[in-house]
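Data block below; observations after.
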Protein chains: 2
Amino acid sequence: MHSQNLINVISDALPNLNKSESKVAEVILSDPDAATQSSIATLAKRAGVSEPSVNRFCKRFNAVGFPDFKLKLAKSLVSGIRFVNRNVNPEDGVTSYTPKIIDSTINNLALVRDHISHSRVNQVVDKLIQAKRIYFFGLGASGAVARDAENKFFRFNLPVSCHDDVLMQRMLASTGTTGDVFFIISHTGRTKEIVEVAEIARNNGSTVIGLTASNSPLAQQSSVALYVDVPENTDEYMPMSSRIVHLVILDVLATGVTLRRGPDFLPHLAKIKDSLKSTRYASDS
Amino acid sequence: MHSQNLINVISDALPNLNKSESKVAEVILSDPDAATQSSIATLAKRAGVSEPSVNRFCKRFNAVGFPDFKLKLAKSLVSGIRFVNRNVNPEDGVTSYTPKIIDSTINNLALVRDHISHSRVNQVVDKLIQAKRIYFFGLGASGAVARDAENKFFRFNLPVSCHDDVLMQRMLASTGTTGDVFFIISHTGRTKEIVEVAEIARNNGSTVIGLTASNSPLAQQSSVALYVDVPENTDEYMPMSSRIVHLVILDVLATGVTLRRGPDFLPHLAKIKDSLKSTRYASDS
DNA sequence: ATTATACGTAAAAAAACTACTTAATAATTG
DNA sequence: CAATTATTAAGTAGTTTTTTTACGTATAAT
């Protein structure tokens, strides 16, 4: 898998290490940040081992040598530290909670960037390209995401609509046919109503795309599912950021569709953009 | 300023660098990842400068020396913010456009994190706390943002609504009074209709909060304006990401309000969360 | 013309690595 | 079961690479 955290890898391997290697591991784990800044000699001395032992240690963990190891260690420190200990707490002022929330969102996006299945994205783009009609469904916060998606996809000259009303969703799903794509957005993927809607749509031969958590009932009911597993918020002050990840994935999909349509399609997009010009005050730049 | 990303720092400093320094900067920016893995000699050669020049370059950017610089560079690469001189182009496949779009979004978020005015955020939180009623207004893509905001803020036990219909907005603005807060979201801040609505609301003694571009007519009409200046997309394939930035800022504001309300308010939020439980399939974990 | 700044050369210092040796442990056989 | 032999682990010393420093030259600015 993509860049596993080096620190975790080391502490996992701890029991399988031999004497001097575990000494080195101990020192590194006790203060990883210091390790990234010390020379091989310093580290060897602190661990009470020889320099080549440290070097061998590095190579065991798939590094080219000591400097390369330090680099990898430093990298895993950044992503690690930002996850831990960056929760919002009641004492925080604007200066702390503002960057914390933004950083947490950034982190989630970075996670998705590294873990999303490109082949799945491609499959979804395929389905969207072939669609005769697209429905975007979501409830609550995902309703707003569906709304945004509608606003993006209508540009493709396709019948597109979005619905956040359970009854409407159910009725549309039951009248769907082959060629219809139901794009269903749900953070948990466990809302009964929405899973049922997915099932109804599928039974009618429509394509169901699920943007949701892996291993969720919705993911199982989907023809193609895009997994977004944003770490659960243990922190009550931290806002839910799966919405944002969903939006960005829809951006990715829209781009995929645009690219597939080819350069002949660009003038159409430009026309839509221009249509807004007269509604605006001229820019002073 | 908040721990600015080293890569951004370098590209910001680019115009102030002298000949050989800018050569070094060019090489590093063109492929930062490669830079972290090369020796000072390799880098110097590639930049066409001497080794001490590279060393001086490092020190200029507050590093102890070359190795330390490489470390810091590596760290800033992970923190998510990759250097995005990388536009989407027609030849891109999923594997390229997916990370490009996500990276660009991350980049914009990092920019806002580093440039947003904390005192303004505080002022807006003040206004929201004092509000007797909040209206979220937006058109087009910002309509979806307003929708999301409504979904977030209704939890505060306040009359909250969102509107993306110009006529509705106009009527509500004209009936607004002191104690009403009109939260107006607009990427450009130049849409005539929405600027007029802001003016009407203000003339009636309501508070107008603008989430929009600086130096825009809407910003001028607002009681308090939060500036979001996302760099213009020269690239036609790159989606507009100000929406996402707006959403995250609304997350920040909601958190600000929650914190201001104090811990007594948490049970209320928990109750809302619990109310959804029965609508879901049990989690298998 | 003089001073300051920018850049490079060359040599010294530091750091990292390699090859080789010794020690410790495990396995095998008399 | 002890002794010998493999086998693995760790260390020493020396080599190579890398980085830094000190100094000198060139170029630009005053």
Side-chain angles (χ1 to χ4, degrees), chain A residues 6 9-77, chain B residues 6 9-77:
Chain A
L6 183 53
V9 173
I10 294 175
S11 47
D12 284 354
L14 210 53
N16 309 326
L17 297 177
N18 42 36
K19 232 179 285 175
S20 60
E21 278 176 336
S22 58
K23 278 189 209 164
V24 177
E26 283 291 340
V27 174
I28 292 174
L29 291 178
S30 75
D31 191 351
D33 204 63
T36 62
Q37 289 177 332
S38 40
S39 72
I40 197 169
T42 322
L43 202 69
K45 201 175 163 194
R46 280 216 290 161
V49 296
S50 70
E51 296 179 24
S53 287
V54 176
N55 192 274
R56 281 188 282 259
F57 176 90
C58 298
K59 285 181 176 164
R60 177 180 266 262
F61 288 98
N62 301 316
V64 179
F66 184 67
D68 183 50
F69 177 85
K70 282 200 291 188
L71 223 68
K72 286 177 172 154
L73 188 64
K75 281 186 183 175
S76 60
L77 274 179
Chain B
L6 182 53
V9 173
I10 295 175
S11 48
D12 283 355
L14 212 52
N16 309 326
L17 297 178
N18 42 34
K19 231 180 288 175
S20 61
E21 279 175 338
S22 59
K23 278 188 209 163
V24 177
E26 284 290 340
V27 174
I28 291 174
L29 291 178
S30 74
D31 191 351
D33 204 63
T36 62
Q37 289 177 331
S38 41
S39 73
I40 198 168
T42 322
L43 203 70
K45 201 175 164 193
R46 281 215 290 161
V49 296
S50 70
E51 296 178 23
S53 287
V54 176
N55 194 276
R56 281 188 282 260
F57 176 90
C58 298
K59 285 181 175 166
R60 175 181 261 262
F61 289 98
N62 301 315
V64 179
F66 183 67
D68 184 52
F69 177 85
K70 283 200 290 188
L71 224 69
K72 285 179 171 151
L73 188 64
K75 279 185 183 176
S76 63
L77 280 177

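Owing to the predicted nature of the structure, the values given are computational and were not obtained by experimental measurement. Here is the naming used below: chain letters follow the sequence lines, and residue numbers restart at 1 for every chain. Side chains included, hydrogens not; waters and symmetry mates left out as well; all remaining heavy atoms used.
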Could you label the plane-to-plane angle of the B:F69 and B:F61 rings as parallel, tilted or perpendicular, counting under 30° as parallel and over 60° as perpendicular?
tilted
Please round to the nearest 0.5 Å and tell me the distance separating atom CG of B:L77 and atom CG of B:D33.
5.5 Å
Between atom OG of B:S20 and atom CZ of B:F57, what is the distance when rounded to the nearest 0.5 Å?
10.0 Å
Approximate separation, where rounding is to 0.5 Å, of A:E21 CD and A:C58 SG
10.5 Å
To the nearest angstrom, the CZ-C1' distance between A:R60 and D:dA10 comes to 13 Å
Using whole Å, what does the distance between atom C1' of nucleotide C:dC7 and atom NZ of B:K23 come to?
10 Å
Determine: side-chain N/O of A:S20 to OP1/OP2 of D:dA10, distance under 4.0 Å, yes or no.
yes
OP1 or OP2 of D:dA9 versus the side-chain N and O atoms of A:S53: is any pair under 4.0 Å?
no
B:P15 and B:S11 have their tightest heavy-atom pair at CD-O, 4.1 Å
Could you state the CG-P distance from A:L43 to D:dA10, rounded to the nearest angstrom?
15 Å
Would you give the length of the straight line joining atom NZ of A:K75 to atom OG of B:S76, rounded to the nearest 0.5 angstrom?
10.0 Å
Check whether any side-chain N or O of B:N18 sits under 4.0 Å from OP1 or OP2 of C:dC7, and answer yes or no.
yes
When the distance from CZ of B:F57 to C1' of C:dT5 is rounded to whole Å, what number comes out?
18 Å
Readout for nucleotides 13-28 of chain D: B = base within 4.0 Å of protein heavy atom, S = sugar-phosphate only, - = neither; 5' to 3' it is ------BSB-------
